[in-house]
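Bear in mind the structure is a predicted one, so any value in this text is a computation, not a measurement.
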Amino acid sequence: MSTAHYDPVEILGQRFRAAIAAAFPEAADADPLITATKNTALGDFQSNAAMPLAKRVGKPPRDIAAAIVAKADIGDIAEPLTPASIAGPGFINIRLRPDTLASYLAHIDSPTLGVPPPHPRETIVVDLCGVNLAKEMHVGHLRATIIGDALARTFERLGHEVKRQNHLGDWGLPIAMVTGKIKDLAEAGQLNLDTLKIDDLDRYYKAAQRDCAADEAGLRAVHRFGLGPKALAELEEQVNGAREATTRAKSTLLKLQAHDPTTYSIWKRIADLTVEACVTTCARLHANVRPEHTAGESSYSEELGPVVEDLVKRGIAEESEGALVIRVEGIEEPCIIRKSDGGFLYATTDLAAIRRRVGKLGGDRLIYCVDARQSLHFKQVFAAADKAGYTLKKDGGRARLQHAAFGMVLGDDGRPFKTRSGENIRLMALIDEARDRALAAVTQRSPDMPENDRATIAEAVGVAAIKYADLSNDRVKDYIFNFDRMLAFEGNTGPYLLYALVRVRSIFRKAAERGLDAGAAWKSAPLVLGATQEKLLALTLLRYAGTLDSVAESLEPHRLCQYLYDLAGAFSSFFDACPVLQAPDEATRNSRLRLCDLTARVLADGLTVLGIPPLDRM
RNA sequence: GCGACCGUAGCUCAGCUGGAUAGAGCAGCGGUUUCCUAAACCGCAGGUCGGCAGUUCGAAUCUGCCCGGUCGCGCCA
């Protein structure tokens, strides 16, 4: 797979593969199963290949291990294997030679940090953010934005072509409701379109929803229990009003679809305002979502008819109870693509989107960073798209469609995270609070720092805390949002990682102050990895490229978080045990400066991949 | 009713796709600073990995059945 010539897991894998092939030609394809050893007292790496081979070869696993050891040619990179290298049921323990470790480390001490070019380079379409028209971004959009952006950045870092798609919910009846509402108010002179703000839109959206929400259940109850003429009259009036509003919304929708100039221009104004607010919030979150990434549902509206027509013509879709559906194997519920009244649904839009993303955007892989509750929907749509041939690429292969599902953000009470009054929490307000709390912490710890600097740091720390707390949890699980925990400077948090980076960088400031890095001779100094902390730090640094691969494959950014936390921990232990500027001799000092520099670069690179801007001081 | 996901220390979470004695942080107890940011580091204590069976050299991880929780399930998005 990779062409990494410094990744011990890969190199040992090749060597052990050869050893297995030499010892057991009949099992030459066996996986060498190289992994880092948990207990460093036993070794650096281990091969677990002997055990699974036992049945296949018909010999005791320890004998197999002995045979592999006899054939393994690793003397140039590791300490010699002996019978004592075989432990337990047949583990083979391997310890790298110090000079080998240093040489691998020197290899990744390059601008790439050991990340090889992609193989092959793919076009990856990432669906992220997914805000709705006339709504300000709130907690419900947090994960789709943060995780989607982190995944997109991961692919970009690995050298792939990434196309972000903000699938804006800007079409359909709810949108027609608010558009109609704003049109009415504007025409009645009760609002000014030019000074409209996003929170106004949010309010009108809710009002329009209320206008159209008929209390049909209440009306039925009144009829059923005979609750009197007054209650009946009130409810009938409410329901009739709501029905009328809904009818008007439906007619607005038709006008919108027909691009009626007045209706359309108001809708466009709302859409522009929404995107503008969304992009502003994303910029504050350091999520790379810009206007050109917008690909709203409306952009597919002209394609829905042709798509459905195509599906009918080719017999992919069939009629069922007046609606048009696609049935796919293994899923009971059919995928409905046209309602009995002729209207299209979000499955229709998603099919059109897949067609465009594969056909027009050239996607080899489509990632959907969307709420886990939509699992069934995506299973259906993906299968339907496959059946329709919309996933067929130009090269004849099929695009990989993946739903990167995520769990909910919960409050301390384990319920969905809301304000006390039950409202969605706006992301801007969320960031404000994180920033304020971070500012208090920074001020307490660094009272002498200029106010401007403290404010800048507080903003960065607050955003880092929110994003890291989200990214560091297993994507598919719900997580509990807690300011105190995410802003803590100890443990697996954003602030802790930023602090680790700040401490490394501060060494170089001190070195410059003391005139110790003159000529930066350390940049090419030989790496000496004598202390156990230095060795552990080196081994951790070598895992970076492999970690990015695993994030890209699993779509799990928390693996990168865990890695960076390991790295920060390894550095902190090193930092504590190994003086850098006060090192016993110049060779050690230069080696340690180089180690620090590499650590800083990997930490900063990893944070950047997560979408967290690094800091110099805090 | 059917389906998906989840259940790991008092709390919040990892556990690298089946490996050795299940790991962190917080909370609790104890240590380390004339020295590069102590916002740190080192240690102690804390577990029937929801339960039972199965698969095999080996299971927190895979399979089945239960228990508990969350979320979905034909014309909303």
Side-chain angles (χ1 to χ4, degrees), chain A residues 33 35-39 42 46 48 51-52 54-55 60-61 87-91 93 130 132 169 171-175 297 320-325 331-341 343 345-347 349-350 371-377 379 405 407-408 410 414 441-442 444-446 461 469 472-474 476-480 482 484-486 488-493 495-496 498-500 502-511 513-514 516 543 546-547 550 553-554 556 558-559 561-563 565-566 569 572-583 592 596 617-618:
Chain A
L33 294 172
T35 158
T37 302
K38 267 187 203 158
N39 185 348
L42 299 173
Q46 63 186 71
N48 300 332
M51 285 80 78
K55 184 167 271 179
F91 301 115
N93 289 318
N132 300 314
W171 210 240
L173 195 57
I175 305 308
E297 291 171 347
S320 168
E321 295 173 33
L324 206 55
V325 306
I331 304 175
E332 189 135 356
E333 300 88 345
C335 182
I336 305 176
I337 58 165
R338 193 178 68 199
K339 301 190 280 183
S340 43
D341 68 2
L345 298 101
Y346 70 140
T349 309
D350 279 331
D371 184 357
R373 285 175 297 192
Q374 303 207 26
S375 294
L376 176 61
H377 165 70
K379 253 187 205 142
M408 289 186 295
L410 306 176
V442 173
Q444 192 192 347
R445 266 119 183 169
S446 311
V461 169
S472 61
N473 281 292
D474 189 344
V476 304
K477 294 186 188 174
D478 298 345
Y479 78 95
I480 296 180
N482 181 299
D484 289 329
R485 240 190 336 266
M486 67 176 66
F489 290 97
E490 51 279 313
N492 192 8
T493 68
Y496 174 83
L498 287 176
Y499 176 61
V502 160
R503 289 207 295 172
V504 198
R505 288 184 168 174
S506 120
I507 289 174
F508 291 92
R509 272 200 306 276
K510 274 278 162 15
E513 280 169 23
R514 298 179 193 180
L516 288 176
R543 282 166 38 204
T547 301
S550 117
E553 191 47 41
S554 64
E556 291 174 350
H558 81 279
R559 295 183 186 217
C561 295
Q562 189 64 45
Y563 168 79
Y565 183 55
D566 287 349
S572 287
S573 298
F574 157 83
F575 187 75
D576 202 61
C578 305
V580 178
L581 300 181
Q582 317 284 337
R592 286 181 178 168
C596 285
R617 48 182 100 211
M618 57 192 280

Asks: Please evaluate the base of B:A77 for a donor-acceptor partner in the side chain of A:Tyr346 within a cut-off of under 3.5 Å?
Replies: yes
Asks: To the side chain of A:Lys38, which of B:C57, B:A39, B:C16 is closest?
Replies: B:C16
Asks: Taking only the side-chain heavy atoms of A:Met408 (C-beta and beyond), determine which of B:A77, B:U70, B:C57 contains the nearest atom.
Replies: B:U70
Asks: Using the P atoms only, state how far B:A39 lies from B:U21, rounded to an integer number of Å.
Replies: 39 Å
Asks: Take A:Tyr479 and A:Met408, measure what side-chain contact (heavy atoms from CB on, under 4.5 Å) needs, and give me the verdict at the end.
Replies: CA-CA 6 Å; A:Tyr479 78 95; A:Met408 289 186 295; over 6 Å; no
Asks: Determine the interatomic distance between C1' on B:U61 and the same-named atom on B:G54; round to the nearest Å.
Replies: 15 Å
Asks: By the 4.0 Å heavy-atom rule, please label A:His377 as base, sugar-phosphate, or nothing.
Replies: nothing
Asks: Would you indicate what A:Pro61 reaches in the nucleic acid, counting non-hydrogen atoms under 4.0 angstrom: base, sugar-phosphate, or nothing?
Replies: nothing
Asks: Looking only at side-chain atoms of A:Ile507, point me to the closest of B:A40, B:U12, B:C36.
Replies: B:C36
Asks: Assess whether one donor atom and one acceptor atom, taken from the side chain of A:Asn93 and the base of B:A20, lie less than 3.5 Å apart.
Replies: yes
Asks: Whole Å only: how far is the CG atom of A:Leu33 from the P atom of B:G58?
Replies: 17 Å
Asks: When both hydrogen-bonding distances must be under 3.5 Å and the geometry is Watson-Crick or G-U wobble, what is B:A39 paired with, if anything?
Replies: none
Asks: Within 90° of 0 counts as syn, otherwise anti: where does B:U12 fall?
Replies: anti
Asks: Identify whether any heavy atom of A:Arg509 sits under 4.0 Å from a base atom; if not, whether one sits that close to sugar-phosphate; answer base, sugar-phosphate or nothing.
Replies: base
Asks: Kindly give the heavy-atom pair with the smallest separation between A:Ala488 and A:Pro495, and that separation in Å.
Replies: O-CB, 3.8 Å
Asks: Look at all strands and tell whether A:Tyr479 reaches a base, only sugar-phosphate, or nothing, counting heavy atoms closer than 4.0 Å.
Replies: sugar-phosphate
Asks: Checking all strands, does A:Ser375 fall into the base, sugar-phosphate, or nothing category for heavy-atom contacts under 4.0 angstrom?
Replies: nothing
Asks: Whole angstrom is fine here: how far is it from CG in A:Asp478 over to P in B:C6?
Replies: 11 Å
Asks: Tell whether A:Gln46 reaches the base of B:A20 with its side chain through a donor-acceptor pair below 3.5 angstrom.
Replies: yes
Asks: Using a heavy-atom cut-off of 4.0 Å across all strands, would you classify A:Ala54 as base, sugar-phosphate, or nothing?
Replies: nothing
Asks: Given that both distances must come in under 3.5 Å, which nucleotide forms a Watson-Crick or G-U wobble pair with B:A45?
Replies: none
Asks: Of the nucleotides B:A40, B:C36, B:G74, which has the atom closest to the A:Tyr499 side chain?
Replies: B:A40
Asks: Students often get this wrong, so: under 4.0 angstrom with heavy atoms, is A:Ala87 touching a base, only sugar-phosphate, or nothing?
Replies: base
Asks: What is the distance, rounded to the nearest whole Å, between atom CG of A:Asn473 and atom C1' of B:G25?
Replies: 12 Å
Asks: Can you tell me how far P of B:A77 sits from CD1 of A:Ile175, to the nearest Å?
Replies: 10 Å
Asks: Taking only N and O in the side chain of A:Arg592, is any of them less than 4.0 Å away from OP1 or OP2 of B:C36?
Replies: no
Asks: Let's test this: given Watson-Crick or G-U wobble pairing with both distances under 3.5 Å, identify the partner of B:U34.
Replies: none
Asks: Heavy atoms only, 4.0 Å cut-off, all strands: where does A:Ile480 land among base, sugar-phosphate and nothing?
Replies: sugar-phosphate
Asks: Is A:Ser573 touching bases, backbone alone, or none of the nucleic acid, heavy atoms closer than 4.0 Å?
Replies: sugar-phosphate
Asks: Is it the case that the side chains of A:Arg559 and A:Ser554 hold a donor-acceptor pair, with the cut-off being a distance below 3.5 Å and no angle test?
Replies: yes
Asks: May I ask which nucleotide in the shown strands pairs with B:C65, Watson-Crick or G-U wobble, both distances under 3.5 Å?
Replies: B:G51
Asks: Using whole Å, report how far CD of A:Glu333 lies from P of B:G3.
Replies: 10 Å
Asks: Give the nucleotide from the list B:G72, B:A39, B:C36 with an atom nearest to the side chain of A:Arg373.
Replies: B:G72
Asks: For nucleotides B:C52 and B:U33, find the distance between their P atoms and express it as a whole number of Å.
Replies: 49 Å
Asks: Look at A:His558 and B:C13 and indicate whether a side-chain polar atom (N or O) is within less than 4.0 Å of OP1 or OP2.
Replies: no
Asks: Can a side chain N or O of A:Lys477 be found less than 4.0 Å away from OP1 or OP2 on B:G7?
Replies: yes
Asks: Using Watson-Crick or G-U wobble geometry with both distances under 3.5 Å, which nucleotide pairs with B:G58?
Replies: none
Asks: Give A:Leu581 one of three labels, base, sugar-phosphate or nothing, depending on what nucleic acid heavy atoms sit under 4.0 Å from its own.
Replies: base
Asks: Any idea which of B:A39, B:G19, B:A20 is nearest the A:Glu490 side chain?
Replies: B:A39
Asks: Please report the C-alpha distance between A:Ile337 and A:Val325 in whole Å, then the side-chain angles of each, then the deciding distance to 0.1 Å, and finally whether the side-chain contact (heavy atoms from CB on, under 4.5 Å) criterion is met.
Replies: CA-CA 6 Å; A:Ile337 58 165; A:Val325 306; over 6 Å; no
Asks: Roughly how many Å is it from CG in A:Asp474 to P in B:C6, rounded to a whole number?
Replies: 8 Å
Asks: With the criterion set at under 5.5 Å between ring centres and under 30 degrees between planes, would B:A20 be stacked on A:Phe91?
Replies: yes
Asks: Partner of B:A4 by Watson-Crick or G-U wobble geometry, both contacts under 3.5 Å, or none?
Replies: B:U70
Asks: Rounded to whole angstrom units, what separation is found between the CZ atom of A:Phe574 and the P atom of B:A38?
Replies: 14 Å
Asks: Evaluate the criterion side-chain contact (heavy atoms from CB on, under 4.5 Å) for residue pair A:Val476 and A:Glu556; output intermediate values, then yes/no.
Replies: CA-CA 9 Å; A:Val476 304; A:Glu556 291 174 350; 6.0 Å; no
Asks: With a 3.5 Å cut-off and no angle check, do the side chains of A:Ser572 and A:Arg503 form a donor-acceptor pair?
Replies: yes
Asks: If you check the A:Ser340 side chain, which of B:C75, B:C41, B:A39 turns out closest?
Replies: B:C75
Asks: Tell me which nucleotide, if any, is Watson-Crick or G-U wobble paired with B:G23 when both distances must be under 3.5 Å.
Replies: B:C13
Asks: Please measure how far the P atom in B:C42 lies from the corresponding atom in B:A59, and state the result in whole Å.
Replies: 32 Å
Asks: Let me see the working for A:Met618 and A:Phe489 under side-chain contact (heavy atoms from CB on, under 4.5 Å), right down to the final yes or no.
Replies: CA-CA 11 Å; A:Met618 57 192 280; A:Phe489 290 97; 3.4 Å; yes
Asks: Hey, does A:Ser446 reach any base, or is it just sugar-phosphate, or nothing, if we go heavy atoms under 4.0 Å?
Replies: base
Asks: In whole Å, what separates the P atom of B:C65 from that of B:G47?
Replies: 32 Å
Asks: Please classify the nucleic acid contact of A:Pro52 as base, sugar-phosphate, or nothing, using heavy-atom distances under 4.0 Å.
Replies: base
Asks: A:Tyr496 vs A:Tyr565 aromatic rings, parallel, tilted or perpendicular, using cut-offs 30° and 60°?
Replies: perpendicular
Asks: Can you tell which of A:Thr37, A:Asn39, A:Leu33 makes a side-chain contact (heavy atoms from CB on, under 4.5 Å) with A:Gln46?
Replies: A:Thr37
Asks: What is the nucleic acid contact for A:Glu321, judged by heavy atoms within less than 4.0 Å: base, sugar-phosphate only, or nothing?
Replies: base
Asks: How would you label the contact of A:Asn492 with the nucleic acid (heavy atoms, under 4.0 Å): base, sugar-phosphate, or nothing?
Replies: nothing
Asks: Consider the side chain of A:Gln562, meaning its heavy atoms from C-beta on, and name the nucleotide among B:C36, B:A77, B:A14 that approaches it most closely.
Replies: B:A14
Asks: Among the candidates B:C36, B:A77, B:A40, find the nucleotide nearest to the side-chain atoms of A:Lys510.
Replies: B:C36
Asks: Starting at CE of A:Met618 and ending at P of B:A38, how long is that distance when rounded to a whole Å?
Replies: 12 Å
